[in-house]
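The structure appears below as structure tokens.
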Amino acid sequence: MRNAVLATVLAIAVTAAACSGGRHEPTEKYFLVASNVKLPYWQSAQSGLARAAKQLAVQAEMVGPESYDPAAQKTAFAAAVAKKPSGILVSVADPASLKADIDAAIAQGIPVITMDSDAPDSKRLAFIGTNNYQAGLIGGKVLVKALGGKGSVVVFTMPNQANLQERLHGYRDAIGEGGIKITQIIDMKGDPRVAFDNATDLLNKSAAKIDAFVCLEASACQEVAEVANRNKISKTIIAMDTNKETLEWIQKGIIAATIGQKPFTMAYYGVKMLDDLKHYPPASLDRNWAQDSFAPIPAFVDTGATLIDKSNVDEFMKARDAVAK
């Protein structure tokens with residue numbers, strides 16, 4: 001009798017262990033397809049990707065070009081699809097060029113979630129990232145206060161990216177129809193050298209006519225700050241993201257503020273959502289989940305944004321460094 005009871009207990013224990021940790025297979029793999037993957041922003045996202053993969057005991061890999069190159073990203077996405085992964089996260093450089101590829105992956109039963117930059121017209125299942133319109137509003141309110149409601153503004157962006165379009169929309173709404181005017185929008189093409197060269201040219205020729213620079217992309221404003229500092233020209237500069245150089249320029253008083261995002265959280269939570277879709281798939285991936293009141297996944301997950309200026313930059317850097325240790 002004792003042996004029978006012991007055998008039963010062992011059987012229950014083995015079954016419980018199998019149920020708790022056995023749903024993942026060694027071949028299960030998730031991809032994050034990005035662009036400009038060497039940027040600190042995407043290194044933070046890769047940390048989130050790796051953390052989630054370790055917790056789930058699955059494979060994960062970030063792929064994509066080392067510069068802003070929508071065509072190369074399209075190739076990287078197609079290569080990821082060809083490997084039949086368990087799911088794909090993608091930060092979309094050009095929604096128009098990648099829409100068909102995303103739709104094709106969904107048709108093959110591969111879950112696709114966009115993060116950071118969306119492709120809203122595609123059949124992607126959800127978007128995880130910043131409420132970019134709200135981020136623009138936050139920056140716009142800082143701009144209005146800094147300029148006292150009047151001035152000329154130059155914006156650095158990449159016009160084809162949906163997330164940057166939304167940020168610009170937020171800035172425009174915050175500015176309103178008052179005395180602040182966006183006089184020039186510069187396509188930096190994902191290349192910080194474009195921002196540096198244009199800022200140099202503008203400050204040499206038209207410094208008196210420019211009151212502020214707004215950067216909707218991470219790497220531009222550290223270059224603008226470098227140019228302004230070299231030429232000893234004081235302008236209101238509002239940045240995006242938390243690159244080391246950007247935070248240091250805030251400490252020095254050259255950049256007024258930046259809007260911090262959470263790429264670690266985006267990638268971490270994205271893998272968790274994809275993993276859930278892999279193991280508890282809906283009847284069909286190819287449907288309009290945004291219009292379904294009983295959808296198993298949200299249409300949008302807002303990971304939040306933080307205003308960082310001289311009043312809290314030191315505290316922010318200390319907290320970030322503590323997590324990195």
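By convention here, the first residue in the shown sequence is residue 1.
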### Task
Look up atom OG1 in Thr130 and atom CE in Met266, then write down how far apart they are to the nearest 0.5 Å.
3.5 Å
### Query
Are Lys252 and Glu248 ion-paired here, with the side-chain N under 4.0 Å from a carboxylate O?
no
### Query
Are Lys38 and Gln43 linked by a side-chain donor-acceptor pair shorter than 3.5 Å?
no
### Distance-only side-chain donor-acceptor flag, Asn36 / Tyr41, under 3.5 Å
no
### Message
Whether Arg193 and Asp197 form a salt bridge (side-chain N of Lys/Arg under 4.0 Å from carboxylate O of Asp/Glu) is what I want to check.
### Response
no
### Message
Using 30° and 60° as the class boundaries, would you call the ring planes of His279 and His24 parallel, tilted or perpendicular?
### Response
perpendicular
### Query
So, Asp191 and Tyr68: side-chain donor and acceptor under 3.5 Å apart, yes or no?
no
### Task
First locate atom CG of Leu32, then atom CD1 of Ile113, and finally report the distance between them rounded to the nearest 0.5 Å.
11.5 Å
### Rounded distance (nearest 0.5 Å) linking atom NZ of Lys272 with atom CG of Leu56
5.5 Å
### Residues in side-chain contact (heavy atoms from CB on, under 4.5 Å) contact with Ser122, at least two apart in sequence or another chain
Lys99, Ile102, Asp103, Ala119, Arg124
### Message
With no hydrogens and no angle check, just 3.5 Å: does a side-chain donor-acceptor pair link Glu245 and Asn243?
### Response
no
#### Entry: Pair Lys84-Gln108, side-chain donor/acceptor within less than 3.5 Å
yes
### Query
Would Met188 end up clustered with Ile259 when hydrophobic side chains under 4.5 Å apart are linked, directly or stepwise?
yes
### Message
Same cluster or not: Ile238 versus Leu137, using hydrophobic residues (I, L, V, M, F, W, Y) connected whenever any side-chain heavy atoms lie under 4.5 Å apart?
### Response
no
### Query
Atom SG of Cys215 and atom CG of Leu164: how far apart are they, to the nearest 0.5 Å?
11.0 Å
### Query
Are Asp211 and Lys235 close enough for a salt bridge, meaning some N to O gap below 4.0 Å?
no
### Query
Where do Lys278 and Glu28 land on the salt bridge (Lys or Arg N to Asp or Glu O under 4.0 Å) test, with the steps shown first?
CA-CA 9 Å; Lys278 158 72 176 176; Glu28 192 171 327; 5.6 Å; no
